[in-house]
Every structure is written in C-alpha cells, then in structure tokens.
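Remarks on the structure that follows.
So you know, we letter chains A, B, ... as the sequences are listed, proteins then strands, and number each from 1.
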Amino acid sequence: MKKKFSLKGITSSRETSLVIVVILLCILVQLRNSAFLTPGMMENLFKNYAVTMIMALGMMCVLLIGGIDIAVGSTLGFSGMCASLFLRDHPGMPVIAIFLISIVIGTVCGTLIGLVISYGKVPPIIATLGGMYVFRGLAYLVAKNEWVAAYQFTDGYKDFAQSKYLGFGLLNNLIVLTIVIYVLFFIFFKWTTVGRKIYAVGSNAEAAEVSGIKIKQVKIMCYAILGFLTGLCGAIYTSLYASAQGDMGTGLEMDVIAACVVGGVSLNGGRGSVVGVFLGALTMAIVGRALPLIGVSQFWQTAIKGLIIIAAVILNVLTQRVMDKNNLKGREM
Amino acid sequence: MATKSGRVISAQKPFDWKKALLKWEVFLVVIFIAVNIMNAFISPYYLSVNGLFTATSSFLEKSFIVLPMAYVLLLGEIDISVGATVALSACMLGISFNAGMPMGAAVLICLLTGAACGALNGLILTRFQELAPMIVTLGTQILYRGLAEILLEDQATGGFTKVAWFKNLYWGKVGVVPIMFIIFVICAAVFGVVMHGTTFGRRMYAIGSNPLAAKYSGIQVQRIRFIIYTLTGLFSAVTALFLASGMGSARSNIASGYELEAISMAVLGGILTDGGKGNFPGAILAIFILGFLRYGLGLVNVASQLMMVIIGLLLIVVVMAPNLNLGRFFKKKAAK
C-alpha cells in the first residue's frame, strides 16, 4: 500500500523540524556574521566534523538495536594510534594501507565488543565501559606513552585530509568520503534485507527472532559496523590533525551519541533514520562552529551544547506524545 | 517465622552452606584478601594500621558516589552526570567561599548545588518517563560541566586550606583513623541499613525487578526515583567537599570520569545494571578491592594505563563469567 502524500505528515516529521532548526540557525548566525555561509567556512565545518558525522551513522546502527557504545572514543584512539605508529616505522607505506590497518583494528575491536554483548550476555553499557578502559589503556601502551608528531607522518598521509583528489578538485576528500558513506548507508537501511533486519531487531527482538532473524549475528554485525567506521575515523582523525596522541578522541562518544539523539534516534531501539542523523550531526556541528563566530565566549559552548541535547530529547518526547494521541484519534473515528 | 501481621511463612529456606559459599560476596572477600596479600608482598610498610589508612584516603573521597549509585543501579537505571555534578558543586564552593562567605555557608551552598543538580535529573526523568536515564544524564552531564566552565572559565579557585576544620575533612585524623574514613563508614552503614532493612529498600528492589508491577502494587515509583536521583546529586556534592578539602582548590575539569569509576565499583560489587539484583556489602567490598588494587599496583609503578586495561577486563569478565557455559558446567556437577 502506498502512503498518501500529505502536508501534515511532512510538517510533523522529525526531519522537517530539524531542517527548520538548521535553517533558522544558519540565518541567525549569518545575520550576526556574514563570514558564515561562505564556501570556505562550509568546507571547514564539514571537514572538521566529518569524524563525528561518520561515527554517528555507526552509533545509529547500535542504538537501533537498543544497544549503546561508549567505547568509540577509545577505539578511535587505539586504532588511530596503531596506524600512526605503523606509518612512523614504515614511511614507505601507501596512504590506503594505513587506512586499512586502522579500519581492521577498529572492526576487530567492535566485533569483540559485539561478541561479549551477544554471547557473554553482558549489558552493552557495562561491556563498552570495560572496552573503553581497555582500548584507552592499550592506546597508551602500544605507543609507550609517546606521541606521533607531524614530522613523523608522510606528506601523502597529512595531505589526504587537506587535498581534493577524491572530489575531482572540487570537494575535500573527507567531504567526499562522508557523502559516499551516507549514501551507502541510506541505501543499506532503506532497501537491503540486512538493513531492515536491524530495524526489526530494534523494534521487537522477540518477534524478530520468531520470524527467523538471528539476533546475535545482527548484534555483532552492528557493533562491527560501528567498529569499522570508528577505525576509518581513527585514520581520518590522525590525518586531519597530523598527530596521534594517546588521549585523542576522549569524550568523543558523548558527541556522537548526542548527534544521534538530536537527530531523533531513540535509545530504546528501532527508531531513527540516516537523514535524521545527518541533520542532528549538522546541528551540533553548526552550534560548535558558529558560536565563536557570533562572539559567544568559548566557555559557554559546553553548557549550550548540554542545553540543546536536553531540549532535543524533551521535544522528542513531546512530539511523540502528540503523534500517539493523533494516532489514537484516528482509530476512534 | 511469624511476621507482624501474624502470618507464618513456612517456605523459609533452610540455610544452605554450599549456596552460601558460592555467593558473589564470598568470591569478593577472596579477591579482597588476595589483593591485600599481594600488596603486603609488594611493600613491607603496607600491612600496618597507618599504611592501610593511607591507602584508603587515596580512593575514599570518590567512593561516596558509589553509595547512592548502588541505589540508582538497583532501580535498573544509570546516572552519568555525577562527575560533572562534583565539579559544579566544588566550583560553587570555591566561588562562594572566595566571595567572602563563611566556610560553613559555602559548604551548605555546595551541598545544595549538588542536590539541585540531582533534583533536576530526577525532575526531567519523572516528568518525561519515556526518556532513558542514560541520555538525560548525558545531557545534564554536559550542561553541569558547561556551567562549571562558565563560572570559573579556565581559572582555579582555592584557599580552602586557610580554614583548619575544612582542611581536616580530608587530612584530619582521630587517633589513627582518618575523619573521612569514619564519615564514610557511618554513611555506608546508613545506606546499607536503608537498602536491606527498610520498606524503602524493599520498594527499590521491587521497582528494579519490575517497575510496572511495583506501580500497580501501590509503590510511588516516581517519588522514589526522584528521591534517589536527588540523593545521588547530594552525595556527589559530598565527594566535592572531600575532593576540595584534599586538593585545597577546585577547577572546572576535576572529577571527570568519576561516574564510570563509581559504576564499575558498584557493578563489580554485584549490583548489575539490569536492576533488582545485588546487595550493599558487595558494593562496599568492591570499593575496597578496586581501591587497594590500584594503590598496590601504584606502589610497584605499574603504569596507570596498564591498570586501566586490567580494570576494564576485570569488569567485563566479572559480568560475563556467570553467563557463560561455566555456570551450566558447575550446575551439572552439583546435580550429580
């Protein structure tokens, strides 16, 4: 059955309200500082928030099945550190190989956490809390508490985050990567069996199991996907900042979860969309980037970010209540 | 056994030695003794009254959060805003003290700030019951930390050591026993009795095992949740007091990660995040196990990073072990 196109359906949807918020934010900032809506500024914004945006997609996978992962910051630190150390010791390696190493390590970390959660029956918050300690500790240990500084990276690696060869000279590499990943995930969640299975497990795990979905495998896959993207971001992060430190990515998990939540992903599982996550991450990026532009002191940024998250989740609940009420009304008639 | 209502409960289980020995707390006691023996081998000065008390002051100040955190976890919920609450309360303490207030008033303001932070969490969570505690306290965590940053910017506030009694909170001793230790024991005893010996405690277990059933049996679930979140905020402020007393100053970035340490202590103590499981002595034992383990490994200069790996693995293994086939293996053996 094809849904009827209705104006009301569009205006009440989560994504539309986020689009309005983003537009309003842009207009407000633009009025105060005309340097905001310029190609250079936008490139800068998307480049610097590529890590959060990509990881938010993986986090959405995990949140969709009702899980959570607070170990991603540490996983990013560990995989990025391993890749950077490898590059330091083998300067001849091509950029792609370094990225692959980081991705493989990230995927292994994610899969391990997934195994612990699905076969060890450890609650996700505890498993990832433990993983957070372990991977962070390992990130320091493999590097023996040293940094990998900019001069130890090859030029090709440092240039990856700054040049535009993937975008045919028009777009920055990181922006191209972000777009490609978002398109792939949009297709994955919308039109593939595996993607729909994730939603099925998230909305009703028992029903999904009865209909023949192997829940444990789906869970492990979701954590592996998050690990994969985190590993990729580990390489992006070190390439972007041209250095690797043991404490990189600390607290990143909170930013990523926040982007998902603002984007309307439910922590109870089963609810969330790729477009929503993009808009959520974009909102957080604009807030983070625009506040200094309109003269808000840097010390106010954290509090404002917190307020936005709280406001977003409460708004989420209120709109959900209204929607549920409307649905009931429809049934009575 | 006759109860207050005159009913006789005949299904009282007989005391079972085998079951009692397989209990989690017994296991914790064994680990506790093992850690202490290890520490005694590491340092000859460790096993003395002074040495032991010195060891406790390295971790007791943050252990005050574990007490209410045990309640929160027992409800099947979580509060990750406690670290930020500690920072905000400590900042308020410093600011009001340096604004010329007497120390007593500043302490009161600090406690009130903590309680208010906890109450805000409780208010949001009870007004909007659909929300997951994880996400609300994530938001308030960032908010409270941000407020502390607004208040202090990147400055430190200090001078607490000028007030002798406040300095003594952390550093003072009665005989050989640190004052902090005495206060902790009193608080822990009260929390333990409330959890295991009062109606309030039984209600918490009921809510943790099945909130809906608890609601229908007439328990005011939301009121209890609100009280517990406020209590968590209050005791974060208590931690802030001891932390400020120990360091003599406060910054906006102190106490980061305390929420995770408190949660791992409670979980190691057997209070799982599912709710309705675990008991209080376990949590107290876990505080001392992790504290002494960290202190002992610190004595032999084990890198703090390696300690992170050990504690992380311990946490995962502890929760995973009962769920693996090992349990089934033991049961089969016992059945034979």
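Looking at A:Ile304, there are no atoms closer than 4.5 Å to chain B (heavy atoms on both sides), in backbone or side chain. In this structure, the portions of A:Leu138 lying under 4.5 Å from any heavy atom of chain B include both its backbone and its side chain. Residue A:Leu267 touches chain B through its side chain alone, counting heavy-atom pairs closer than 4.5 Å. Within the 4.5 angstrom heavy-atom criterion, only side-chain atoms of A:Ile68, from C-beta onward, approach chain B. Residue B:Gln129 touches chain A through its backbone alone, counting heavy-atom pairs closer than 4.5 Å. With a 4.5 Å cut-off on non-hydrogen atoms, A:Phe135 does not touch chain B at all. Of the two parts of B:Ile80, only the side chain, counted from C-beta on, holds a non-hydrogen atom closer than 4.5 Å to a non-hydrogen atom of chain A.
The most heavy-atom pairs under 4.5 Å with chain B, out of A:Val317, A:Ile309, A:Leu318, come from A:Val317. Per-residue counts of heavy-atom pairs under 4.5 Å with chain B were compared for A:Gly130, A:Ala258, A:Ala127, A:Ala312; the largest is that of A:Gly130. Ranked by heavy-atom pairs under 4.5 Å with chain A, the first of B:Leu272, B:Val317, B:Ile311, B:Leu306 is B:Leu306. In terms of non-hydrogen atom pairs under 4.5 Å with chain B, the most contact-rich of A:Ser266, A:Gly246, A:Gly306 is A:Gly306.
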* Yes or no on side-chain contact (heavy atoms from CB on, under 4.5 Å) for B:Leu260 and A:Ile70, after CA distance, side-chain angles and deciding distance? -> CA-CA 11 Å; B:Leu260 301 177; A:Ile70 57 169; 4.2 Å; yes
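Below 4.5 Å, heavy atoms of chain A meet heavy atoms from B:Ala132, B:Met134, B:Ile135, B:Leu138, B:Gly139, B:Thr140, B:Gln141, B:Ile142, B:Leu143, B:Gly146, B:Leu147, B:Glu149, B:Ile150, B:Glu153, B:Asp154, all part of residues 132-158 of chain B.
Between B:Ser264 and A:Tyr133 there is a side-chain heavy-atom pair separated by less than 4.5 Å. Counting heavy atoms from C-beta outward, A:Pro123 and B:Asp274 have side chains that approach closer than 4.5 Å.
In this structure, CG on A:Leu129 lies 8.0 Å from CD1 on B:Ile78, to the nearest 0.5 angstrom.
Heavy atoms only, all atoms of each residue included: B:Ile316 and A:Val122 are closest at O-CG2, 4.4 Å. Contact between B:Ile263 and A:Ile126 at its shortest, heavy atoms only, is CG2-CD1, 4.4 Å.
When the shell of 6.0 Å around NZ of A:Lys219 is examined, it contains 12 or fewer heavy atoms from other residues, nucleotides or ligands. The 12-atom threshold is not exceeded at CZ of A:Arg271, counting heavy atoms of other residues, nucleotides or ligands nearer than 6.0 Å.
Pairs of residues two or more places apart, or lying in two chains, that qualify as salt bridge (Lys or Arg N to Asp or Glu O under 4.0 Å) and include a residue from residues 316-326 of chain A are A:Arg321-B:Glu130.
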Solution key, residues 280-287 of chain A side-chain donor-acceptor pairs under 3.5 Å, sequence neighbours excluded:
residue, atom, partner, partner atom, Å
A:Thr283, OG1, A:Leu279, O, 2.6

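With sequence neighbours excluded, no residue forms a ring-ring contact (aromatic ring centres under 6.0 Å, His included) with A:Phe78.
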